[in-house]
Amino acid sequence: MGENYWLLKSEPGCYSIDDLAAEPDQTTCWSGVRNFQARNFMRDGMAVGDKAVFYHSVTDPSAVGVMGIVRAAYADPTAQDPQDSHFDPRATPEKPLWYAVDVRFERKFRSPVPLRAMRVVPALAGMELLRKGSRLSVMPINAQEFATLCRMGEEGAE
DNA sequence: GCCAACGTTGGC
DNA sequence: GCCAACGTTGGC
């Protein structure tokens, strides 16, 4: 456990790393994932102790910090809440269909790592994120990619 | 705001 | 099972 690395996307206008850092316990339920491949990564791959890079999409796309996975996959409560925009009538307590994990803020990078900066780093060339048309909101990265992103985030802008 | 890429839906 | 239509994502 705690051996895997991930990249999690969120639009900062929806939920940003500052929002996470501002939570009372700096922890939140990472819910609302509605893509089967992303769901499978969360449900089948994530374990307590794993690390995840927080990525801001759409607005100033960039990696902005690090989170830890503090609770493994469980039924996404938003899927079964009719009031929620992520409600899915197919989801039931017996067959949740969608899953969430809990994440805890660990640190914010000294400077965000822009997507365009990632594109020119050979060590990052294999990341799913850099593939044209990639829309996955939850994806695995390897230890080297994680370390490279962290180093770039602490070094400051290139 | 534009548009390419993608996942999902639904008719057949 | 195919595939066109549609809605969404997300970079630019």
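All chains are named by letter (A, B, ...) in the order of the sequence lines, taking the proteins before the strands, and each is independently numbered beginning at 1. What's counted below: heavy atoms across the whole structure, side chains too, no hydrogens, waters or symmetry copies.
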> A:Lys132 NZ to B:dA4 C1': how many Å, rounded?
Replying inline: 7 Å
>> By the ring-ring contact (aromatic ring centres under 6.0 Å, His included) test, which pairs, at least two apart or in different chains, include something from residues 62-85 of chain A?
In response: none
> How would you list all residue pairs meeting side-chain hydrogen bond (donor to acceptor under 3.5 Å, both in side chains) that involve residues 15-24 of chain A, not counting sequence neighbours?
Replying inline: A:Tyr15-A:Glu23, A:Ser16-A:Asp19, A:Asp18-A:Lys108
>> Quick test of your reading: applying side-chain hydrogen bond (donor to acceptor under 3.5 Å, both in side chains), list the pairs with at least one residue in residues 53-63 of chain A, sequence neighbours left out, ordered by first then second residue.
In response: none
> Quick one: salt bridge (Lys or Arg N to Asp or Glu O under 4.0 Å) partners of A:Arg131, sequence neighbours excluded?
Replying inline: A:Glu128
Tabulate atom names and distances for all N/O pairs under 3.5 angstrom spanning the protein and nucleotides 9-12 of chain C.
residue: C:dG10; atom: OP1; partner: A:Lys9; partner atom: NZ; Å: 2.9
residue: C:dG10; atom: OP1; partner: A:Arg135; partner atom: O; Å: 3.0
residue: C:dG11; atom: OP1; partner: A:Tyr55; partner atom: OH; Å: 2.8
residue: C:dG11; atom: OP2; partner: A:Val58; partner atom: N; Å: 2.8

>> Enumerate the side-chain hydrogen bond (donor to acceptor under 3.5 Å, both in side chains) contacts for residues 31-42 of chain A, please, sequence neighbours excluded, ordered by first and then second residue.
In response: A:Arg34-A:Asp76, A:Arg34-A:Thr78, A:Asn40-A:Arg43
